[in-house]
Novice: 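Quick one: this structure, given as structure tokens, is what I'll be asking you about.
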Number of protein chains: 2
Amino acid sequence: MKPSTSIQDYLKQIYELTENGSPASTNDLARELNIKPASVTGMIQKLASEKPALIEYQKHQGVTLTSAGKKAALEVIRHHRLLETWLVQTLGYSWDEVHEEAERLEHVISEDFERRIAAALDHPTRDPHGELIPTADLKMPLDDSTPLSALRKNQTGKILCIKGADADLLRHLDELGLTPNTMIEVTDYSPFDHNLTIKVGKKNHVLGLSITSKIFVEEK
Amino acid sequence: MKPSTSIQDYLKQIYELTENGSPASTNDLARELNIKPASVTGMIQKLASEKPALIEYQKHQGVTLTSAGKKAALEVIRHHRLLETWLVQTLGYSWDEVHEEAERLEHVISEDFERRIAAALDHPTRDPHGELIPTADLKMPLDDSTPLSALRKNQTGKILCIKGADADLLRHLDELGLTPNTMIEVTDYSPFDHNLTIKVGKKNHVLGLSITSKIFVEEK
DNA sequence: TGTAAAATTTAGTCTTGCCTAAATTATTTT
DNA sequence: AAAATAATTTAGGCAAGACTAAATTTTACA
């Protein structure tokens, strides 16, 4: 049976917190979901005792997704990213506005709806932020991007993805023209503070690590 | 604050059951909402004691909407009908498929989303079934349609709306070409059983009262 | 290594919205 | 008008999913 909206939110969040390979802690989950840690423990115990189990869990050790849990998480993430793409393309949302709307819609659309928007968008592989969209058979495509912070003077690339930016930063990057699919060139690098000077269009911008580590590019 | 999904469903249903002018009974609500009558009583008491009250209620007398309740109901109905229109126009749903999808989406879309689809559709006044769409300021437009069953031999009209048909009947009417905006002519009337012979395109169909009373036309 | 701080879990409570069973009120039939 | 039936309400319960306060475990640091 289809997991509740709450459970879908937990699974999605666990997926994201465990992408680095390490288990997700009760506290991290609580922070990300805006829920008290005690409540998270309760839900964790429930998810671990579902059959089939959706997460792997041992007291005080954090949680990881089982394959059933990962599948359910990817389903929600696919919904979310297809919806964002579609809202931007068909209703003129800007890429920094769509998140909240998709956050609510992702839980209620049918598989039929999912198929229809995927087809209407011609089966996109990345959403407006550049995040990879899980495939229809619920696999996450391989990510071939590099953080902009890893580039050095004279290297060029195409922006693929902006990760982990809040609404303010998204708007700021939009104003600078730093959006997915834009070509950029590193015109200077400061080894001291890791600042990069980036040429985008005809303008140069000096960006610190807190920004360049959130921009992912395909090196050319 | 925004009413819960459950409350929105109650209000929408009460709106529809009271369109005839008489209050909605506990039993009718229970039947339409697939909920037990005892549960309906509980919710009714809650809705009547909200401030401001959303319904008018006296024990054993049925319920009607207050103006606050009607406003909330029209908001949901506007969402539903705009969504149906939009799903049909942009995602190729057929008019007999959209109901369920809209039923879930109507509760989660933002006012911004509502404005965007209304604008994208050029502010339609009727949904794919022909039902009137409440205006942006939450008034229900006047209905200028007549039941097809009231027409007699040689009268002609344009189909405006199909009301209260289940999925089977919707598909059947679709096959006969009896969809909103179609021109029809009454070529015969049987006073005995109230059957009407209707010419639609080049074909004639004999329709009983159970069908003609669900088709609403603009008489020409 | 022992202790303080941080993280986690347990225990008990609350709200929402549904349920069943039983009691009450209204309506219909004889 | 009384009896039978139908509609409605009351009472008591349950599951989901959140909360607070208190107990426990783990980790970190002196």
Side-chain angles (χ1 to χ4, degrees), chain A residues 1-14 17-18 20 22-65 69 72-73 76 103-104 106-108, chain B residues 1-14 17-18 20 22-65 69 72-73 76 103-104 106-108:
Chain A
M1 216 204 81
K2 186 178 178 173
S4 69
T5 294
S6 253
I7 291 178
Q8 288 180 32
D9 281 336
Y10 274 89
L11 295 175
K12 185 173 58 152
Q13 200 57 63
I14 294 168
L17 288 170
T18 55
N20 63 10
S22 59
S25 74
T26 303
N27 256 5
D28 289 350
L29 275 168
R31 177 175 30 76
E32 296 299 322
L33 295 169
N34 292 306
I35 282 172
K36 294 289 175 284
S39 307
V40 170
T41 298
M43 180 60 96
I44 277 176
Q45 289 168 342
K46 176 179 174 174
L47 296 182
S49 62
E50 297 267 300
K51 46 176 196 174
L54 296 170
I55 64 176
E56 193 69 48
Y57 164 66
Q58 309 229 92
K59 276 189 191 178
H60 302 98
Q61 301 304 131
V63 300
T64 56
L65 293 172
V76 184
E103 200 66 31
R104 281 173 281 108
E106 66 188 9
H107 304 295
V108 304
Chain B
M1 217 205 78
K2 185 177 178 174
S4 70
T5 294
S6 252
I7 291 179
Q8 288 180 32
D9 281 335
Y10 274 88
L11 295 175
K12 185 172 58 152
Q13 201 56 64
I14 293 168
L17 288 170
T18 55
N20 62 11
S22 58
S25 75
T26 304
N27 256 7
D28 289 351
L29 275 168
R31 178 175 30 76
E32 295 299 322
L33 294 169
N34 292 306
I35 282 172
K36 294 289 176 282
S39 307
V40 171
T41 298
M43 180 60 95
I44 277 176
Q45 290 169 343
K46 176 178 173 173
L47 296 181
S49 62
E50 296 266 300
K51 47 175 194 172
L54 297 170
I55 63 176
E56 194 69 48
Y57 164 65
Q58 308 229 93
K59 277 189 190 178
H60 301 99
Q61 300 303 129
V63 298
T64 56
L65 294 172
V76 184
E103 200 66 30
R104 281 174 281 108
E106 66 187 8
H107 304 296
V108 305

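Convention: sequence-line order gives letters A, B, ...; per-chain numbering from 1. Hydrogens, waters and symmetry mates play no part in the numbers below; they use all other heavy atoms, side chains included.
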Novice: What is the separation between atom CZ on A:Arg31 and atom P on C:dT8, rounded to the nearest whole Å?
Specialist: 10 Å
Novice: Counting only side-chain nitrogens and oxygens, does A:Ser6 get under 4.0 Å of the OP1 or OP2 atom of D:dA16?
Specialist: no
Novice: Check whether any side-chain N or O of B:Lys59 sits under 4.0 Å from OP1 or OP2 of D:dA7, and answer yes or no.
Specialist: no
Novice: Could you state the atom-to-atom distance from CG of B:Leu33 to P of C:dG17 in whole Å?
Specialist: 13 Å
Novice: Which whole-number value in Å describes the distance from B:Lys46 NZ to D:dT10 C1'?
Specialist: 18 Å
Novice: Does D:dT10 have its OP1 or OP2 closer than 4.0 Å to a side-chain nitrogen or oxygen of B:Gln45?
Specialist: yes
Novice: From B:His107 NE2 over to B:Lys12 NZ, what is the distance, rounded to the nearest 0.5 angstrom?
Specialist: 5.5 Å
Novice: Check the phosphate of C:dT8 against A:Tyr57, side-chain N and O only, distance under 4.0 Å to OP1 or OP2. Yes or no?
Specialist: no
Novice: Calculate, to the nearest 0.5 Å, the distance between atoms CD1 and CG belonging to B:Ile7 and B:Leu47 respectively.
Specialist: 5.5 Å
Novice: Output the rounded distance in Å from CG (A:Leu29) to P (C:dT8).
Specialist: 9 Å
Novice: Starting from C1' on C:dT9, measure out to CD on A:Gln61 and report it in whole angstrom.
Specialist: 13 Å
Novice: How do B:Pro37 and A:Ile35 order along DNA chain D: which one's closest nucleotide is nearer the 5' end?
Specialist: B:Pro37
Novice: Tell me: CG of A:Asn34 to C1' of D:dC19, nearest whole Å?
Specialist: 14 Å
Novice: Counting only side-chain nitrogens and oxygens, does B:Ser39 get under 4.0 Å of the OP1 or OP2 atom of C:dC19?
Specialist: yes
Novice: May I ask you to evaluate whether B:Tyr10 reaches the phosphate of C:dT16, defined as a side-chain N or O under 4.0 Å from OP1 or OP2?
Specialist: no
Novice: Decide side chain to side chain donor-acceptor pair (under 3.5 Å) for A:Ser22 and A:Asn20; before the verdict, give the C-alpha distance in whole Å, the side-chain angles of both, and the deciding distance to 0.1 Å.
Specialist: CA-CA 6 Å; A:Ser22 59; A:Asn20 63 10; 2.9 Å; yes
Novice: Looking at A:Thr41, I'd like to know whether one of its side-chain N or O atoms comes within less than 4.0 Å of OP1 or OP2 on C:dT10.
Specialist: no
Novice: Closest heavy-atom contact between A:Ile35 and A:Tyr10?
Specialist: CD1-OH, 3.7 Å
Novice: Choosing from D:dT9, D:dT25, D:dG17, which nucleotide comes nearest the side chain of A:His60?
Specialist: D:dT25
Novice: Nearest-Å distance, CD1 (A:Ile7) to C1' (D:dA15)?
Specialist: 12 Å
Novice: Looking at D:dT8, I'd like to know if its phosphate oxygens (OP1 or OP2) sit under 4.0 Å from a side-chain N or O belonging to B:Asn27.
Specialist: yes
Novice: Between atom CD1 of B:Ile14 and atom CD1 of B:Ile44, what is the distance when rounded to the nearest 0.5 Å?
Specialist: 6.5 Å
Novice: Send over the distance from B:Gln58 CD to C:dA26 C1', rounded to a whole Å.
Specialist: 15 Å
